[in-house]
Student: 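This is the structure, below, for whatever I ask next.
Every value quoted in this text rests on a predicted model; they were computed, and no experiment measured them.
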Amino acid sequence: MERKAQEIETPPSIASVLRVRPFLFLWIAQALSQVAFNMLNFVLILRVYQLTSSNTAVALLVLTFMLPQLILSLFAGVLVDRFEKKLVMLVTNAARAICLLPLIFVGANLAILYTAALGIAIVTQFFLPAEVPMIARLVGKKLLLPANALFTGTLYGSIILGYILAGPSLKFFGAPLTFFLIAVGFIGASICNSLLPGNRGGSYLRSKFELFLGLPYARLMTILLDDIGEMLFAIFRSTHVILAVLFLTISQTVIVLLGALLPGYVTT
């Protein structure tokens with residue numbers, strides 16, 4: 001009877017995941033940061049097109065978003081893996097809010113728009129590898145499936161919501177207030193990150209940086225390249241992982257292409 005009861009046991013639901021308080025803070029932080037980030041992407045695209053009426057200028061902005069992903073993503077992942085994830089998320093969300101300060105006051109300058117976009121894109125490469133590993137750490141194996149489902153749904157929902165909010169926000173609030181609201185989203189996410197379990201002080205983060213800076217350059221590069229090689233081996237030995245990466249890449253590429261072409265297409 002006991003075995004039969006186990007077989008018909010109800011699988012864990014998303015509601016049961018949200019009852020895990022630390023995960024709730026992580027999910028709220030994800031929702032705030034992802035909506036803010038996707039809204040910012042499209043606001044920047046619209047703002048550049050408003051200032052230039054040029055699809056080429058918009059394409060250059062998209063290149064500014066994507067270039068750090070190509071150059072830094074592998075190194076960022078292996079670096080973040082050696083730091084406290086909570087502090088990395090807290091610092092990177094706060095840094096993205098700080099990058100928006102020039103746009104609040106001088107949002108009509110094209111060079112400042114590109115510079116802020118590049119800074120945020122670079123910081124984001126260190127944020128993403130810190131967020132996902134926290135899920136398993138906070139909910140455990142039993143709740144991992146609904147937790148991942150909730151995170152994935154929030155990820156794509158935030159893309160839709162962020163892009164929907166971008167245009168009306170620019171129209172009704174103007175660029176400075178829109179950038180301020182996006183910065184508030186990043187700050188709110190950073191506050192939620194501070195409520196997660198883990199090291200609270202900056203001394204831990206500083207000690208890790210000092211440890212890395214104290215390593216000889218050759219030794220540091222050996223560590224990083226070994227970790228990158230191990231990661232690539234883990235990816236390419238599994239067909240399922242390769243397909244997942246491929247589908248994710250295609251979907252993100254389509255979203256970026258639509259974002260780049262949409263302002264000019266709608267205008268003409």
Student: Is it true that V20 and L145 fall in one hydrophobic cluster, defined by side-chain heavy atoms closer than 4.5 Å?
Tutor: no
Student: Nearest 0.5 Å, what's the CG-CG distance between L40 and L165?
Tutor: 13.0 Å
Student: When rounded to the nearest 0.5 angstrom, what distance separates OG1 in T115 from CD1 in I120?
Tutor: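 These two atoms lie 11.0 Å from each other.
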Student: L110 vs T52, test: side chain to side chain contact (heavy atoms under 4.5 Å, CB included). Steps then yes/no.
Tutor: CA-CA 9 Å; L110 204 59; T52 65; 3.7 Å; yes
Student: If you round to the nearest 0.5 Å, how far is CG of L61 from OH of Y49?
Tutor: 14.0 Å
Student: Closest heavy-atom contact between L113 and V48?
Tutor: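 Smallest interatomic distance, heavy atoms only, reads CD1-CG2, 4.2 Å.
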Student: State, yes or no, whether a side-chain contact exists between L44 and L103 at a heavy-atom distance under 4.5 Å.
Tutor: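 A side-chain contact exists here, since the closest heavy-atom pair is under 4.5 Å.
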Student: Mind checking whether W27 and I160 sit in one hydrophobic cluster, side chains of I, L, V, M, F, W, Y counted as touching below 4.5 Å?
Tutor: no
Student: Identify the two heavy atoms, one from P68 and one from Q125, that lie closest to each other, and give their separation to 0.1 Å.
Tutor: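 Shortest heavy-atom separation between P68 and Q125 comes out as O-CG, 3.8 Å.
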Student: Any link between L170 and L181 through a network of hydrophobic side chains (Ile, Leu, Val, Met, Phe, Trp, Tyr) touching at under 4.5 Å?
Tutor: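 L170 clusters together with L181.
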Student: With no hydrogens and no angle check, is any side-chain donor or acceptor of T64 less than 3.5 Å from a backbone partner on Y114?
Tutor: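 Pair absent, no side-chain N/O of T64 close to backbone of Y114.
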Student: How close do R96 and S33 get, heavy atom to heavy atom, and via which atoms?
Tutor: NH2-CB, 3.8 Å
Student: What do the steps show when you test F151 against V132 for side chain to side chain contact (heavy atoms under 4.5 Å, CB included), and what is the final call?
Tutor: CA-CA 9 Å; F151 251 65; V132 176; 5.5 Å; no
Student: Once you round to the nearest 0.5 Å, how far does CE of M39 lie from CG of L46?
Tutor: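 M39 atom CE to L46 atom CG measures 10.0 Å (nearest 0.5 Å).
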Student: Ignoring hydrogens, what is the shortest heavy-atom contact between A29 and A189? Give both atom names and the distance.
Tutor: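 Of all heavy-atom pairs spanning A29 and A189, the closest is O-CB, 3.5 Å.
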Student: Pair L100, F180 - check side chain to side chain contact (heavy atoms under 4.5 Å, CB included), show working.
Tutor: CA-CA 8 Å; L100 286 170; F180 174 77; over 6 Å; no
Student: Flag yes if V123 and L118 sit in one hydrophobic cluster, no otherwise; membership is Ile, Leu, Val, Met, Phe, Trp, Tyr, and two members link when side-chain heavy atoms are under 4.5 Å apart.
Tutor: no
Student: Look only at the side chain of S54 and the backbone of A57, and say whether a donor-acceptor pair between them is shorter than 3.5 Å.
Tutor: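 Looks like yes, one N/O pair under 3.5 Å.
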Student: CG of L150 to CG of L18: how many Å apart, nearest 0.5 Å?
Tutor: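 One finds 5.5 Å between CG of L150 and CG of L18.
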Student: Check whether any side-chain heavy atom of V139 sits under 4.5 Å from a side-chain heavy atom of P22, and report yes or no.
Tutor: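 They are not in contact (no side-chain heavy atoms under 4.5 Å apart), so the answer is no.
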Student: Would you mind reporting whether L26 and I135 have side-chain heavy atoms less than 4.5 Å apart?
Tutor: yes
Student: Would you please classify the geometry between the Y163 ring and the F42 ring as parallel, tilted or perpendicular, with 30° and 60° separating the classes?
Tutor: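 Parallel, since the angle between the ring planes stays under 30°.
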Student: Between atom CD of Q30 and atom CE of M134, what is the distance when rounded to the nearest 0.5 Å?
Tutor: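 So the CD of Q30 and the CE of M134 are separated by 12.5 Å.
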Student: Sequence neighbours left out, what pairs pass side-chain hydrogen bond (donor to acceptor under 3.5 Å, both in side chains) with at least one residue falling in residues 178-188?
Tutor: S169-T178
Student: Where is the tightest heavy-atom contact between L128 and Q34, given as atom of each residue plus distance?
Tutor: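 Result for this residue pair: CD2-NE2, 4.1 Å.
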Student: Can a donor-acceptor pair be found, under 3.5 Å and without considering hydrogens, that links the side chain of K86 to the backbone of S194?
Tutor: yes
Student: If every non-hydrogen atom of A97 is compared with every non-hydrogen atom of F186, which pair is closest and at what distance?
Tutor: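 That would be CB-CB, 4.0 Å.
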Student: Please say yes or no: joined through hydrophobic side-chain contacts below 4.5 Å, possibly via intermediate residues, are I187 and V91 part of one cluster?
Tutor: no
Student: Could you tell me if the side chain of I159 sits less than 4.5 Å from the side chain of V35, heavy atoms only?
Tutor: no
Student: Tell me if the centroids of the rings in F173 and F179 come within less than 6.0 Å of each other.
Tutor: no
Student: Between R137 and E131, does any side-chain N to carboxylate O distance fall below 4.0 Å?
Tutor: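 Judged by the 4.0 Å cut-off on N to carboxylate O distance, R137 and E131 do not form a salt bridge.
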Student: Is there a side-chain contact between M89 and L196 in this structure, where contact means two heavy atoms from C-beta onward sitting under 4.5 Å apart?
Tutor: yes
